[in-house]
*Asks:* 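Below is the structure I would like to discuss, written out as structure tokens.
Chain letters run A, B, ... following the sequence lines, proteins first, then strands; residues in each count from 1.
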Amino acid sequence: MEILTDEREGDISISENLDENGFPFLPLSPESESRYEETDGSILAVDGSFVSDFYGSGTDWSCLREGESDQKKLELERGTDWSCLKEGESDRKKLVQRDLFQMWGFKKRGGPSECRVSSPPAMKREKRRINGHDSISDWAGRKVPRLGKEKTAEHCVGARRACPFYKKIPGTPFTVDAFCYGLIEGCEAYFLSHFHHDHYGGLSKRWSHGPIYCTPLTARLVKMCLSVNPLFIHPLELDTEYVVEGIKVTMLEANHCPGAALIHFRLGDGRCYLHTGDFRACKLMQSHPILLSHRVNVLYLDTTYCNPKYRFPSKEDVVGFVARITKSTLAKQPKTLVVVGAYSIGKEHVYIAISKALGVNIYTDASRRRILQSFGWPELSGKICSLGQSTPLHVLPISSLRPESLQQYLKKYGEQFTAVLAFRPTGWSYSEAIGNQLDLIRPSSKGNVKIYGVPYSEHSSFLELRDFVQFLKPDKIIPTVNVGNAANRDKMQSHFREWLKT
DNA sequence: GCGATCAGCT
DNA sequence: CACAGCTGATCGC
């Protein structure tokens, strides 16, 4: 209890109940609903809030990892030249006899010597401090942003903060999607779940903090788009068990964007952790051999839509709907330009389906063509073309799916196209009234531009999350999204308890 | 001039 | 709201 009491000293909170590590405070006030007891150094919770579930893990987390002998550091089953890793190895410390709090970067604030700040620009720091008596500072005087939402942490606003606890895998020298915290003490392998900016943020050609593990497709994108030194990148094939730093690791298809993986860790003592990265749970996952043969003890869960109001159709249904609308629109108005909005990667199956339904190619700009070609998907590569005039199906950045921008875009093609039919595929296109009934979706129209928001989600719906969790029956769930708000955390935790009731 | 970071915005 | 970014300003090299 002492450690946690110390943590509350000073004005260091960055959110009502999370410290700057994204770690929940213990409520200590008398009116607090939670109660805690200390038993042989571990903290046990008596009630059922997020914090209590969180601290009261019921597992002895101390003594997480023995000091390593001089045994081979990397024992991947697949042949790779690891010699590059020797460089800078002296920087990497081994994890020896640490408790859970240390493991997760939760340490007593002892002063600058304990702060792993890689020389933040002093002037910037000063500048940010100027405007705000109400601004919140950490012990070093840096203004630390409020963690209103997970996104803030993912985007590493106020970078060089300590890595949040939920990005570290206890009992291993691993982190997941933690590239924007500089060198993380004790981390000997940095896992990347998928190639979206809010997860790879911090990776650049100057990356030198340690080896990066990801799927082969993600590896290609990291090299191609971010120019990361290939010597740091270690692709792991899906559905193949590797041994990394003595831990068994398997990448599973995440049903998110191309290359996205669930990461399964199997420790020497038999404990299993599953980190979902971002994913859309589906029945197929429940037949994966590794999930059937080894029960997951701790689940790091993508809780983006962990709220019963999020009910959206399957991707297949949405794709079918989009194809139907497209066909009927083109039958009535043959000179229609069909536009699909997309971020860097993801949502490919929406335009692949339209391409199939209409029997047309897919046009997009050179930078996206390069990325899509790198997937190595024959059914996609063969359909991509570099001339807008040659096909009525175009893929544009989702940010340009506004009526004015699309009218401008249409003008470029003169008489060839006279109207635009656009689709904005996102989970946020759900509506409580519409729910699963796609036929109720109405487009927004302005002049000759029609835009459909379609609930094509690459994250699990509430019921998909429930089904997945009830299949896994983990001992413990650590949400990784929407954790910046105490009310959200408690709500999610109460869903988890409901789902896992015996 | 280039790349990285950050506030603000959708 | 915020999926997963983008834009523009600023700073260091």
*Asks:* For dA4(C) and His256(A) - does any side-chain N or O of the residue sit under 4.0 Å from the phosphate oxygens OP1/OP2?
*Replies:*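 Result: yes.
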*Asks:* Just jot down the salt bridge (Lys or Arg N to Asp or Glu O under 4.0 Å) partners of Lys327(A), sequence neighbours excluded, or say none.
*Replies:*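 With neighbours one apart ignored, the set is empty.
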*Asks:* Report the distance from atom CZ of Phe279(A) to atom P of dA4(C), rounded to the nearest whole Å.
*Replies:*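 So the CZ-P distance, Phe279(A) to dA4(C), works out to 13 Å.
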*Asks:* Not counting sequence neighbours, which residues clear side chain to side chain contact (heavy atoms under 4.5 Å, CB included) with Arg369(A)? List them please.
*Replies:*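 With sequence neighbours excluded, Arg369(A) shows a side chain to side chain contact (heavy atoms under 4.5 Å, CB included) to Tyr363(A), Thr364(A), Ala366(A), Ile384(A), Ser386(A), given in chain and number order.
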*Asks:* May I have the distance from Asp278(A) (atom CG) to dC3(C) (atom C1'), rounded to whole angstrom?
*Replies:*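 Interatomic distance, CG of Asp278(A) to C1' of dC3(C): 9 Å.
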*Asks:* Would you please classify the geometry between the Tyr310(A) ring and the Phe312(A) ring as parallel, tilted or perpendicular, with 30° and 60° separating the classes?
*Replies:*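 It falls in the tilted class, 30° to 60°.
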*Asks:* Test of understanding: with side-chain hydrogen bond (donor to acceptor under 3.5 Å, both in side chains), list the residues that count as partners of Thr304(A), not counting sequence neighbours.
*Replies:*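 Applying side-chain hydrogen bond (donor to acceptor under 3.5 Å, both in side chains) to Thr304(A) gives Asp302(A), His459(A).
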*Asks:* Fit a plane to each ring of Trp377(A) and His349(A), take the angle between them on a 0 to 90° scale, and name the class: parallel (under 30°), tilted (30 to 60°) or perpendicular (over 60°).
*Replies:*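 Ring orientation of Trp377(A) relative to His349(A): parallel.
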*Asks:* Any salt bridge between Lys356(A) and Glu379(A), counting N to O under 4.0 Å?
*Replies:*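 Yes, charged N to carboxylate O under 4.0 Å.
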*Asks:* What is the separation between atom CD on Glu458(A) and atom P on dA2(C), rounded to the nearest whole Å?
*Replies:*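 Taking CD of Glu458(A) and P of dA2(C), I get 19 Å after rounding.
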*Asks:* Do the ring planes of Phe471(A) and Phe468(A) sit parallel (below 30°), tilted (30 to 60°) or perpendicular (above 60°)?
*Replies:*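 Taking Phe468(A) first and then Phe471(A), their aromatic rings sit tilted (interplane angle of 30° to 60°).
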*Asks:* Report yes if a side-chain nitrogen or oxygen of His459(A) is closer than 4.0 Å to either non-bridging phosphate oxygen (OP1 or OP2) of dA4(C); otherwise report no.
*Replies:*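 Checking dA4(C) against His459(A), a side-chain N or O does come within under 4.0 Å of OP1 or OP2.
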*Asks:* At less than 4.0 Å, is any side-chain N or O atom of His197(A) found next to OP1 or OP2 of dG5(C)? Yes or no.
*Replies:*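 Indeed not, no polar side-chain atom of His197(A) lies that close.
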*Asks:* Quick one: side-chain hydrogen bond (donor to acceptor under 3.5 Å, both in side chains) partners of Gln389(A), sequence neighbours excluded?
*Replies:*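 By the side-chain hydrogen bond (donor to acceptor under 3.5 Å, both in side chains) rule, Gln389(A) matches no residue at all.
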*Asks:* Can you measure Leu226(A) atom CG to dG3(B) atom C1' for me and round it to whole angstrom units?
*Replies:*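 In whole Å, dG3(B) C1' and Leu226(A) CG are 13 Å from each other.
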*Asks:* Round to a whole Å and report the spacing from CZ of Phe312(A) to P of dA2(C).
*Replies:*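 For the pair Phe312(A) CZ and dA2(C) P, the rounded distance is 15 Å.
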*Asks:* Among dC3(C), dG5(C), dA4(B), find the nucleotide with the atom closest to the side chain of Thr304(A).
*Replies:*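 For Thr304(A), the side-chain atoms sit closest to dC3(C).
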*Asks:* Specify the separation, in whole Å, of atom CZ of Arg424(A) and atom P of dC6(C).
*Replies:*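 Rounded to the whole Å, the gap is 14 Å.
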*Asks:* What parts of residues 396-411 of chain A reach DNA chain C, counting only heavy atoms under 4.0 Å away?
*Replies:*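 None, since no heavy atom is under 4.0 Å.
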*Asks:* Please list, in numerical order, the residues of residues 342-351 of chain A that have a heavy atom closer than 4.0 Å to any atom of DNA chain C.
*Replies:*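 Nucleic-acid contacts, sorted: Tyr343(A), Ser344(A).
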*Asks:* If you assign each of Tyr310(A) and His196(A) to its closest nucleotide in DNA chain C, which residue comes earlier from the 5' end?
*Replies:*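 Going by which nucleotide is closer to the 5' end, it is Tyr310(A).
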*Asks:* What's the OH-P distance between Tyr200(A) and dA4(C), to the nearest Å?
*Replies:*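 Going from OH in Tyr200(A) over to P in dA4(C) covers 12 Å.
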*Asks:* Which label fits Phe265(A) and Phe174(A): parallel for a plane angle under 30°, tilted from 30 to 60°, or perpendicular past 60°?
*Replies:*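 Tilted, since the angle between the ring planes falls between 30° and 60°.
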*Asks:* Whole Å only: how far is the CZ atom of Arg368(A) from the P atom of dG5(C)?
*Replies:*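 The distance from CZ of Arg368(A) to P of dG5(C) comes to 10 Å, rounded to the nearest Å.
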